[in-house]
Number of protein chains: 2
Amino acid sequence: MTAQKKGAGGKQPTINDVAALAGVSKKTVSRVINRSEFLTEKTRKAVEQAIETLGFVPNPQARALAFRRNFLIALLHDNPNAQTVLNFQQGVLDAIKDSDLALLVRPVDRGSDGMLGDVRTFLEKQRPIGALLLPPISENDDLAALCEDLGVRYVRIGSAPLDDAKHCVSSNDREVVAEAVRALIALGHRRIGFVRGPVGFRSAAEREKGFMEALAEAGLDLPASFNAPGNYRYTAGIEAGEALLSLPEPPTAIFCSNDEMAAGVMSVAHAKRIDVPGALSIIGFDDSPTATHIWPALSTVRWPIREMGVRAAKTLVPDFLPLATKVDERDNGVLNSTFIQRQSVAPPQS
Amino acid sequence: MTAQKKGAGGKQPTINDVAALAGVSKKTVSRVINRSEFLTEKTRKAVEQAIETLGFVPNPQARALAFRRNFLIALLHDNPNAQTVLNFQQGVLDAIKDSDLALLVRPVDRGSDGMLGDVRTFLEKQRPIGALLLPPISENDDLAALCEDLGVRYVRIGSAPLDDAKHCVSSNDREVVAEAVRALIALGHRRIGFVRGPVGFRSAAEREKGFMEALAEAGLDLPASFNAPGNYRYTAGIEAGEALLSLPEPPTAIFCSNDEMAAGVMSVAHAKRIDVPGALSIIGFDDSPTATHIWPALSTVRWPIREMGVRAAKTLVPDFLPLATKVDERDNGVLNSTFIQRQSVAPPQS
DNA sequence: GTCATTTTGGTAACCGGTGTCAATATTGCC
DNA sequence: GGCAATATTGACACCGGTTACCAAAATGAC
């Protein structure tokens, strides 16, 4: 029972009450709150005792005003994938759990003209210590510049380093995509299709690079007809599936740049009575809930999104985190994604 | 171009700067900010002009301190469904868009012992104006009592009224489930299975009631073997599917209490080569992304979650919202869910 | 024109913390 | 013991707004 029950009407005790009770000045209490090192053990104990007795909780608004900084960090995201956002968010919360920080969430409308202005207004009004930028908006350099300009720290999350390690946490998507495609090749696949991500997305480019690398290693090439455009949406997967699976000699395996599009391709396969994985292997990317909710379960690449949230928070506000299991200076901020094998992949028929 | 570009180092202008420029006292500026009525048109214009020129943004921390209240509202959620949380969140943000409010997000671990204590600590530390409780934690009366005790307003979101209208926004799930089941019956289905939600969840109970109502109306009953337990997870859907579809006389249609379980049932049908919807119709609930990402697309019930977010915010903090399209006093806080027909439903065979 | 009443603007105190810097222990060293 | 160096603590202004209260100006009644 650490929580002291206060009568509903009873006012919250202030630092002055604590100071009076402990017989010290409010500044000393402030020092205890902020874990100043220049304190006698005896004084500290006395103050802590008084805090405990009164059930004192420092007023964050007052602190924020005095510190000229809010104890808030902002999570800026466009929402391509709700589960990703929430997992990341959970990671951030894991990291700031025992700190004084709280998390502000702010969806951003990537498309809109006023986007930059909106974010500026938001940051000016809330003045968070820092901002975390989730992809795809993390790829927007103007946003990073805006944070810089406003003196708001920032960390960008990406599928490959977007910035120096102080400002970026990323995963090694390219390598893992290559690994996944190598697995297809090892099974005997030679006609492998590709469904691209949206133009201009770094994540899409990385996945494509990984795919191409694996193909090149094996001396295979990608016919234009096997290379379908996409935009990370289910409907794009449907279109790509229609296109690739209507070819006279369709691919025996298709790598899709994300799970939703893979689900679309799989739907087309079902509609065309093409057996998955017997006649067609499919791989996606993200390990979204969809990956395990479709049948057969989708092989995919999981990026360590929650862990990236933890890492991002530690990178953003190391000085506000308790006992901060510090991020190694020499760390480059790259975390490992994993290729996950499920039932959607098998050797090609005969 | 409302945003004024400030040099990076340049300090944020304060109310004093505005007062000086406009040639009035800070009190007058404060009156303008807070839309006081006792002001000459001329004075107000002058102050607004100065604010515009300086790009002044009132410091929310200072206001919060002076007002003795934070301009924050908290969203407390356990995460059964990421998309739901995010959609609701979006609705809340729509509602508070032009206010001074910001949204704090706080996942809650329903299972953990310290849950109540954690939430208490959070609320005491952040002191938000109010809290929004998403299901399933909205069903926890202790949480509501805690808010009451701490003087934090709250609104509970539920599948049926959980509280008086001042504290609750809900949808009419029961009716719409009944409607969906009636649709099955109208198509000719007589052997209809049911996959329940988790025990103790209000939402699960409501969906079950709706299902039973429709059956009763048609003079049908639910054999025990057609009534499968579930917990809203995909794996529960798999188990339920295995059970129901292995019966000598399996149901021709199955209503699942949520989409994930419906996806599980559908996977089993695919594995057993049972044609959906030819030999088996399936209906889910939630209209989650999964519903449209599986094949065939799932008929389901969509609850107006984003709109509920808007409504919840309006109910929680009507006094902080601009021109608040006020919630009608006579409104009971119930919004309408919708039955959505997709490809997973058809008449029973022969 | 004078007095009472209503509007408006100004001053000072305050919200609950923190920074600065000086004042007061405490310790080390000769 | 005396003095310098160092460790602790406190006084006070200040963060950027708000309210309380008062004074000045404007308006209306006689």
Side-chain angles (χ1 to χ4, degrees), chain A residues 6 10-48 50-51 54-72 100-101 124-127 129 151 319-320, chain B residues 6 10-48 50-51 54-72 100 124-127 129 319-320:
Chain A
K6 291 270 113 193
K11 278 197 148 186
Q12 207 67 12
T14 75
I15 199 173
N16 291 308
D17 302 327
V18 175
L21 180 56
V24 299
S25 73
K26 57 195 275 199
K27 179 61 205 180
T28 298
V29 178
S30 168
R31 288 197 176 96
V32 173
I33 297 170
N34 294 291
R35 301 191 184 70
S36 162
E37 43 193 330
F38 308 110
L39 277 179
T40 316
E41 188 64 10
K42 202 181 100 198
T43 312
R44 198 160 53 69
K45 277 281 197 291
V47 173
E48 281 172 353
I51 290 179
L54 262 30
F56 167 71
V57 178
N59 179 316
Q61 279 63 55
R63 300 188 78 201
L65 180 57
F67 272 129
R68 256 168 246 85
R69 97 172 19 135
N70 215 323
F71 289 84
L72 258 26
D100 291 328
L101 271 25
E124 281 181 341
K125 205 197 278 183
Q126 299 301 332
R127 301 230 139 251
I129 298 175
D319 43 342
F320 287 83
Chain B
K6 291 271 114 192
K11 279 195 148 188
Q12 206 67 11
T14 75
I15 197 173
N16 292 308
D17 302 327
V18 175
L21 179 58
V24 298
S25 73
K26 57 194 274 197
K27 171 64 202 174
T28 300
V29 178
S30 170
R31 286 197 176 102
V32 172
I33 297 171
N34 295 291
R35 302 190 182 70
S36 163
E37 42 195 330
F38 307 111
L39 277 180
T40 318
E41 188 64 11
K42 202 181 101 199
T43 313
R44 199 161 52 71
K45 277 279 198 290
V47 173
E48 281 173 353
I51 289 179
L54 261 32
F56 166 72
V57 179
N59 179 315
Q61 279 64 53
R63 300 188 79 201
L65 181 57
F67 274 127
R68 258 167 241 88
R69 104 177 2 143
N70 213 324
F71 290 85
L72 256 26
D100 291 328
E124 280 181 342
K125 204 197 279 184
Q126 300 300 332
R127 301 228 141 254
I129 299 175
D319 45 342
F320 287 83

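In what follows, chains carry the letters A, B, and so on, assigned in the order in which the sequence lines appear, proteins first and then strands, with residues in each chain numbered from 1.
- Scored by the side-chain contact (heavy atoms from CB on, under 4.5 Å) test, B/A66 finds no partners at all (sequence neighbours excluded).
- Residue B/A66 places its side chain closer to D/dG16 than to any other of C/dG16, D/dG16, C/dT18.
- Residues satisfying the side-chain contact (heavy atoms from CB on, under 4.5 Å) test with A/A46, not counting sequence neighbours, are none.
- Between B/V32 and B/V24, every side-chain heavy-atom pair lies at or beyond the 4.5 Å cut-off.
- Close to D/dT18, at under 4.0 Å from its OP1 or OP2, lies a side-chain N or O of B/R63.
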All N/O donor-acceptor pairs, side-chain side in residues 54-65 of chain A, below 3.5 Å, sequence neighbours left out:
{"unit_1": "A/N59", "atom_1": "OD1", "unit_2": "A/Q61", "atom_2": "N", "d": "2.7"}
{"unit_1": "A/N59", "atom_1": "OD1", "unit_2": "A/A62", "atom_2": "N", "d": "3.0"}
{"unit_1": "A/Q61", "atom_1": "OE1", "unit_2": "B/N70", "atom_2": "ND2", "d": "3.4"}
{"unit_1": "A/Q61", "atom_1": "NE2", "unit_2": "B/N70", "atom_2": "OD1", "d": "3.3"}
{"unit_1": "A/R63", "atom_1": "NH1", "unit_2": "A/D100", "atom_2": "OD2", "d": "3.1"}
{"unit_1": "A/R63", "atom_1": "NH2", "unit_2": "A/N34", "atom_2": "OD1", "d": "2.4"}

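- Of all the heavy atoms in B/V47 and B/A22, the pair that sits closest is CA-CB, 4.1 Å.
- Taking atom CZ on B/F71 and atom C1' on D/dG16, their separation rounds to 13 Å, with Å as the unit.
- Rounding to the nearest 0.5 angstrom, the gap separating the CG atom in A/L72 from the CG atom in B/L72 is 6.0 Å.
- Here the nucleotide nearest the side chain of A/K27, chosen from D/dG10, D/dG17, C/dG10, is D/dG10.
- We find that CG of B/L65 is positioned 14 Å from P of D/dC15, with the value rounded to whole Å.
- Within the 4.5 Å cutoff, the side chain of B/F320 has heavy atoms near those of the B/R69 side chain.
- Summarising the geometry, the separation between CG on A/N70 and C1' on D/dC15 is reported as 13 Å, rounded to the nearest angstrom.
- Taking atom CG on B/L54 and atom P on D/dG16, their separation rounds to 13 Å, with Å as the unit.
- The shortest non-hydrogen separation linking A/L39 to A/R44 is CD1-CD, 4.3 Å.
- Within residues 15-23 of chain A, no residue is approached by DNA chain D to less than 4.0 Å at the level of any non-hydrogen atom.
- Every side-chain contact (heavy atoms from CB on, under 4.5 Å) that B/K45 has, sequence neighbours left out, goes to B/E41.
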Could you list all N or O pairs between the protein and nucleotides 4-9 of chain D that sit under 3.5 Å apart?
{"unit_1": "D/dT8", "atom_1": "O3'", "unit_2": "A/T40", "atom_2": "OG1", "d": "2.9"}
{"unit_1": "D/dT9", "atom_1": "OP1", "unit_2": "A/T40", "atom_2": "OG1", "d": "2.8"}
{"unit_1": "D/dT9", "atom_1": "OP1", "unit_2": "A/T43", "atom_2": "OG1", "d": "2.3"}
{"unit_1": "D/dT9", "atom_1": "OP2", "unit_2": "A/T40", "atom_2": "N", "d": "3.2"}

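- Residues in residues 13-22 of chain A take part in no side chain to side chain donor-acceptor pair (under 3.5 Å) pair, two or more places apart or across chains.
- Rounding to whole angstrom units, CZ of residue B/F56 and P of D/dG16 are separated by 10 Å.
- Terminal axes of the helix from C/dG1-D/dC30 to C/dC30-D/dG1 (five pairs each, C1' rotation axis) are separated by 40°, to the nearest 10°.
- Atom P of nucleotide C/dG19 and atom NZ of A/K26 are separated by 13 Å, given to the nearest angstrom.
- The CD-P distance, from A/Q61 to D/dC14, rounds to 23 Å in whole Å.
- Atom C1' of nucleotide C/dG17 and atom CZ of B/R127 are separated by 16 Å, given to the nearest angstrom.
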